[in-house]
Amino acid sequence: MKSKQSPPFRFRTHTAQQFHKNIPAVISLYVLVLLAVLAMFAPLLANELPWYIKYEGENYFPAFSWKKNYIVKHQDGSSEKLQLDITDWKKIPAEKIIWAPVVYSPGKSDYNNANYKCPTCDQKFIDSNGSEIEMPGRFRHWLGTGNRGDDLLTGLIHGSRISLTIGFLSMGIATLIGILLGAFAGFFGDHTLTITRGRLVFTIIGIFFGWFYASQLRGETVSGGSDNTANSLLSEFLLRMLIFFLVVIIFSFLGKYVTMFKWLNRKIHIHIDGLISRLIEIMVSLPLFILILTIAAISKPSIYNVMVIIGLTNWTGIARLTRAEMLRVRQQEFIQSAQALGYSPFRIMLRHALPNALAPALISVSFGIANAILIESSLSFLGIGVPQDVTTWGSLLSAGHGNFSAWWLVVFPGLCIFITVTAYNLIGEGLRDAMDPKMMR
């Protein structure tokens with residue numbers, strides 16, 4: 001009689017099961033998915049352009065159109081030009097019309113309801129006859145308006161794109177730096193990594209040139225052409241990272257073949273663990289928020305600058321966790337087996353050691369994204385870092401600073417920041433508990 005064997009232990013399955021038992025973490029995950037969907041479809045959810053309109057017998061889709069204007073022919077033979085960006089579509093006597101759920105766009109003002117209209121205040125609307133009437137429910141500002149009549153709900157929806165994107169991309173920079181530096185420090189230590197002087201010098205030169213071409217020169221090229229959307233931010237970020245690493249790799253490759261001077265060909269030990277550990281200690285000892293404020297105040301207002309500043313100042317925790325795990329993993333038997341097979345140190349580090357040392361660092365990323373959103377909101381609230389024409393949750397909070405009676409400009413953006421940061425922290429705690437070996441039974 002065959003005995004029933006229990007399924008083999010799988011760490012991923014066990015982690016997922018433990019995470020699903022954490023109800024607050026699961027709810028937080030659903031909240032973040034909802035926020036991500038809102039951010040992804042923000043142009044469709046909050047847009048003053050109708051999704052569909054039937055006017056003078058013709059069908060139009062302004063919200064999905066790439067055109068700048070429509071030419072409408074009337075029955076009497078005359079024609080009318082509808083320019084998409086300035087036409088007041090709410091006054092057009094359409095035969096059929098389908099609006100977005102929120103009928104306002106960011107940066108567009110409703111001057112009939114300017115000077116801080118609260119959510120329950122009487123709001124005005126000018127109909128197609130030019131008469132002032134009570135605001136129809138379809139066009140009402142449900143969360144109130146700002147000084148120029150900006151719809152707050154629209155700002156929150158579109159601000160989620162910028163806030164979430166900055167959180168993800170800035171922590172992407174911090175994660176990349178922290179994991180690479182932590183892996184090198186923990187795996188190679190102080191007496192393992194050797195390199196020729198020529199290659200070291202060229203690599204350092206390549207870092208400066210890579211930063212110049214990826215940040216400064218590329219920034220001048222695209223200035224004024226970026227639309228600050230999530231897709232453009234992500235594509236621009238990836239392009240800059242590609243340029244940076246490509247330049248560094250090219251210079252490092254050239255340094256490998258420098259043979260003209262014996263001094264440059266001499267191999268040296270790099271005390272990389274000591275160097276990175278001292279760098280971490282210096283970064284940790286600095287007042288980071290003051291440093292971020294200083295850099296953001298003297299640099300050109302730009303979303304990219306904010307992401308880079310946050311990313312360059314928040315990698316230390318990830319680096320320390322990765323270094324500690326690499327110190328443990330490099331002593332494992334499968335690493336010694338790979339060394340006995342003759343694999344290169346970089347292959348062993350990247351393909352065998354690093355995947356087994358990432359779990360603690362990934363937990364820290366969740367907390368880091370929450371911290372990055374808080375930093376960006378603080379910078380936007382102070383009016384530095386992000387350009388004034390970009391709507392973020394922090395800039396909406398700053399708008400409420402001009403009128404203390406406009407409580408809705410403080411409460412609703414503050415709730416969005418609080419809910420998002422709390423959700424990330426709860427997910428991070430859930431992942432930490434799920435991956436804790438003490439929780440295994």
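Values reported hereafter were calculated over all heavy atoms of this structure, with side chains retained and with hydrogens, waters and symmetry mates removed. Only a predicted model underlies this, so the values are computations on that prediction, with no experimental measurement involved.
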Test item: Ser366 side-chain N/O and Tyr424 main-chain N/O as donor-acceptor pair under 3.5 Å: yes

Any donor and acceptor pair, going by atom type alone, linking the side chain of Trp393 with main-chain N or O of Leu156 inside 3.5 Å? yes

For the atom pair CG (Leu358) and CG (Leu321), what is the distance rounded to the nearest 0.5 Å? 11.0 Å

Can you confirm if the aromatic rings of Phe346 and Phe188 lie within a centre distance of less than 6.0 Å? yes

For Gln123 and His141, indicate whether the former's side chain and the latter's backbone hold a donor-acceptor pair under 3.5 Å. yes

Angle class for the Phe251/Phe202 ring planes (parallel below 30°, perpendicular above 60°, tilted otherwise)? tilted

Sub-6.0 Å ring centroid separation between Tyr60 and Tyr55: no

Looking only at side chains, do Asn113 and Thr145 share a donor and an acceptor under 3.5 Å apart? no

More than 12 foreign heavy atoms under 6.0 Å from CZ of Arg148: is that the case here? no

Side chains of Tyr70 and Thr87: any donor to acceptor distance under 3.5 Å? no

Ser380 and Glu376: side chain donor to acceptor below 3.5 Å: yes

Donor-acceptor contact present, side-chain Asn425 to main-chain Val421, <3.5 Å: yes

Donor-acceptor under 3.5 Å (Ser109 side chain, Tyr111 main chain): no

Okay, side chain of Asp273, backbone of Asp190: is any donor-acceptor separation there less than 3.5 Å? no

Check step by step if side-chain contact (heavy atoms from CB on, under 4.5 Å) holds for Ile250 and Val248. CA-CA 5 Å; Ile250 290 174; Val248 173; over 6 Å; no

Where the side chain of Thr420 meets the backbone of Ile417, is there a donor-acceptor pair that is under 3.5 Å apart? no

Indicate yes or no for a side-chain donor-acceptor contact from Arg330 to the backbone of Ala353 under 3.5 Å, with no hydrogens or angles considered. no

Flag the pair Ser252 / Arg199 as yes when at least one side-chain heavy-atom distance between them is below 4.5 Å, and no otherwise. yes

Donor-acceptor pair, Ser398 side chain versus Phe381 backbone, under 3.5 Å? yes

Lys90 to Tyr104 six-membered ring, cation-pi geometry met (6.0 Å, 45°): yes

Ignoring hydrogens and angles, write down the donor-acceptor pairs under 3.5 Å from the side chains of residues 44-54, residues two or more places apart or on other chains.
residue	atom	partner	partner atom	Å
Asn47	OD1	Leu49	N	2.9
Asn47	OD1	Ser105	OG	3.4
Asn47	ND2	Pro43	O	3.0
Glu48	OE2	Lys108	NZ	2.8
Trp51	NE1	Leu44	O	3.1
Tyr52	OH	Asn59	OD1	2.7

Give, for atom NE2 of His352 and atom CD of Gln339, the distance between the pair rounded to the nearest 0.5 Å. 10.5 Å

I'd like to know if the side chain of Ser395 and the backbone of Thr391 have a donor-acceptor N/O pair within less than 3.5 Å. no

